[in-house]
S.K.: 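Right, I'll just put the structure down here and ask away after.
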Amino acid sequence: MDEQQQQQQLTQFLTTNRGRIMIFIDGNNLFFTAQIMNIDIDYVKLVENLVGNNGQLIRVNFYAGVDAQSTQSQGWQYFMHKKGFKLVTKPLATLPDGTRKANCDVEMAVDMVSQADAYDTAILLTGDGDLAYAVNKIAGLGKQVEVVGSRQNTNSLLFEAADRFIDLESRRGHIRK
């Protein structure tokens, strides 16, 4: 599918009423995707762009690992809270190789399923195939599921489980700071 066809498909479903919308953002995965794309993402613009005018945004859940000692992290959390994001955080763990990580997959999966009565369409920003089972569960409940991410960084199981895939690359100009 070429870029023009992708844009037409995106425009078509963004102009269809998707009912009540909840967004579930894998913050660590989105950060990694932004690095691959070499852009700084404006999270408010991202949400506005994904929701469009054809649905009622119920909530944006943002899952991320945080460093409780970092004033920069505290400032970021304050900003996100003020902008209406519901933050679900875990402390960053330091791995033996020195990298820091916090997996929030279980929290995302539980929230997607347990909050399914509150939405008609779930927009999931991740590339993590571990969430495909939860996507299949909520689709089985009659919910629409849109997966948003980088085509090169999204597990094929998510492509198969989702009703739609939105490549962030096609939204680049609308979501950057």
Side-chain angles (χ1 to χ4, degrees), residues 1-11 13-14 21-52 57 60-67 70 72-73 75-77 79-80 83 85-109 111-112 121-136 144-177:
M1 184 181 302
D2 67 18
E3 187 175 326
Q4 184 178 6
Q5 289 171 319
Q6 286 177 353
Q7 187 63 38
Q8 287 173 340
Q9 183 182 32
L10 180 64
T11 300
F13 81 81
L14 286 178
I21 298 171
M22 283 188 73
I23 300 177
F24 301 88
I25 300 174
D26 176 344
N28 297 330
N29 190 278
L30 184 58
F31 176 75
F32 180 68
T33 299
Q35 284 183 318
I36 290 172
M37 293 174 60
N38 196 30
I39 66 170
D40 286 329
I41 294 176
D42 180 320
Y43 298 123
V44 174
K45 286 181 182 178
L46 173 65
V47 168
E48 289 171 352
N49 186 266
L50 292 174
V51 173
L57 180 62
V60 180
N61 291 339
F62 196 104
Y63 303 82
V66 296
D67 180 352
S70 166
Q72 181 180 6
S73 178
W76 172 82
Q77 290 177 67
F79 169 81
M80 295 295 278
K83 293 297 181 182
F85 291 80
K86 180 181 183 287
L87 295 177
V88 180
T89 61
K90 286 174 83 171
L92 286 169
T94 303
L95 303 177
D97 67 359
T99 59
R100 300 178 74 192
K101 189 173 183 174
N103 286 334
C104 296
D105 300 351
V106 172
E107 290 82 356
M108 286 181 70
D111 287 351
M112 287 167 44
T121 301
I123 300 176
L124 178 61
L125 281 87
T126 190
D128 193 335
D130 290 342
L131 293 166
Y133 187 78
V135 169
N136 282 320
Q144 291 291 309
V145 182
E146 301 169 6
V147 171
V148 180
S150 165
R151 196 168 288 284
Q152 67 184 2
N153 189 37
T154 300
N155 186 286
S156 63
L157 294 173
L158 282 176
F159 284 117
E160 295 166 15
D163 294 300
R164 295 174 194 90
F165 176 77
I166 302 169
D167 190 341
L168 276 178
E169 190 62 47
S170 70
R171 306 283 72 204
R172 172 187 283 276
H174 303 282
I175 63 172
R176 74 174 358 146
K177 286 185 182 175

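The model shown is predicted, which means the values in this text are computed figures rather than measured ones.
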S.K.: At their closest point, which heavy atom of V44 faces which heavy atom of D42, and how far apart are they?
M.R.: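 Reported closest heavy-atom pair: N-OD1, 3.0 Å.
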S.K.: Find the distance between CE (M37) and CG (L30) and round it off to the nearest 0.5 Å.
M.R.: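 So the CE of M37 and the CG of L30 are separated by 9.0 Å.
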S.K.: Do I23 and L46 make a side-chain contact, defined as non-hydrogen atoms from C-beta onward lying under 4.5 Å apart?
M.R.: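 The answer is no, as the side chains (C-beta and beyond) never meet within the 4.5 Å cut-off.
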S.K.: So, D163 side chain and E146 main chain: donor-acceptor pair closer than 3.5 Å or not?
M.R.: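 Pair absent, no side-chain N/O of D163 close to backbone of E146.
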S.K.: Please list, chain by chain and in numerical order, all residues satisfying side-chain hydrogen bond (donor to acceptor under 3.5 Å, both in side chains) with R176, sequence neighbours excluded.
M.R.: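 Here no residue qualifies.
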S.K.: Applying side-chain hydrogen bond (donor to acceptor under 3.5 Å, both in side chains), name anything that partners T126, two or more places apart in sequence or on another chain.
M.R.: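 So T126 forms a side-chain hydrogen bond (donor to acceptor under 3.5 Å, both in side chains) with D26.
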S.K.: Measuring from atom CG of N28 to atom NZ of K90, what distance do you get when rounded to the nearest 0.5 angstrom?
M.R.: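 NZ of K90 is found 10.0 Å from CG of N28.
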S.K.: In Å, rounded to the nearest 0.5 Å, how long is the span from CG of N49 to NE2 of H174?
M.R.: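 Those atoms lie 6.0 Å apart.
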S.K.: Apply side chain to side chain contact (heavy atoms under 4.5 Å, CB included) to A109 and list each qualifying residue two or more places apart in sequence or on a separate chain.
M.R.: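 With sequence neighbours excluded, A109 shows a side chain to side chain contact (heavy atoms under 4.5 Å, CB included) to L131, A134, given in chain and number order.
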S.K.: Would you give the length of the straight line joining atom OG1 of T121 to atom CD1 of I21, rounded to the nearest 0.5 angstrom?
M.R.: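 Rounded to the nearest 0.5 Å, the OG1-CD1 separation comes to 5.5 Å.
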S.K.: For E48, check salt bridge (charged side-chain N to carboxylate O under 4.0 Å, His left out) against everything at least two apart and list the hits.
M.R.: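 None.
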S.K.: Could you grab the distance from atom CE of M108 to atom CG of D128, nearest 0.5 Å is fine?
M.R.: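 Separation between the atoms: 8.0 Å.
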S.K.: At their closest point, which heavy atom of F165 faces which heavy atom of V148, and how far apart are they?
M.R.: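 Looking at all heavy atoms of both residues, the shortest contact is CE1-C, 4.4 Å.
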S.K.: Identify every side-chain donor-acceptor pair in residues 152-160 under 3.5 Å, counting partners at least two apart or on other chains, and give the distances.
M.R.:
unit_1 : atom_1 : unit_2 : atom_2 : d
N153   : ND2    : T33    : OG1    : 3.2
T154   : OG1    : S150   : O      : 2.7
N155   : OD1    : L157   : N      : 2.8

S.K.: With a cut-off of 6.0 Å (strictly less than), are more than 12 heavy atoms of other residues, nucleotides or ligands near NZ of K86?
M.R.: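 More than 12 heavy atoms, drawn from other residues, nucleotides or ligands, come within 6.0 Å of this atom.
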S.K.: Under the side-chain hydrogen bond (donor to acceptor under 3.5 Å, both in side chains) rule, collect the residues that match up with N61, sequence neighbours excluded.
M.R.: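 side-chain hydrogen bond (donor to acceptor under 3.5 Å, both in side chains) list for N61, sorted by chain: Y63, Q115.
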S.K.: Looking at residues at least two apart in the chain, or sitting in another chain, which of them share a salt bridge (charged side-chain N to carboxylate O under 4.0 Å, His left out) with K45?
M.R.: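 By the salt bridge (charged side-chain N to carboxylate O under 4.0 Å, His left out) rule, K45 matches no residue at all.
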S.K.: Which residues satisfy the side-chain hydrogen bond (donor to acceptor under 3.5 Å, both in side chains) test with E169, sequence neighbours excluded?
M.R.: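 Once residues adjacent in sequence are excluded, the partners of E169 under the side-chain hydrogen bond (donor to acceptor under 3.5 Å, both in side chains) criterion are R172.
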S.K.: Once side chain to side chain contact (heavy atoms under 4.5 Å, CB included) is applied, do any residues pair with A122, and if so which ones, sequence neighbours excluded?
M.R.: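 Counting only residues at least two positions away or on another chain, A122 forms a side chain to side chain contact (heavy atoms under 4.5 Å, CB included) with F24, Y119, I138.
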S.K.: Using 0.5 Å steps for rounding, measure from the CG atom of D40 to the CZ atom of F31.
M.R.: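 The CZ atom of F31 is 9.0 Å from CG of D40, to the nearest 0.5 Å.
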S.K.: Output all residues satisfying ring pair (Phe, Tyr, Trp, His ring centres under 6.0 Å) with Y43, sequence neighbours left out; order by chain, then residue number.
M.R.: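 Testing Y43 for ring pair (Phe, Tyr, Trp, His ring centres under 6.0 Å), a comparison that skips the adjacent residues, returns F62.
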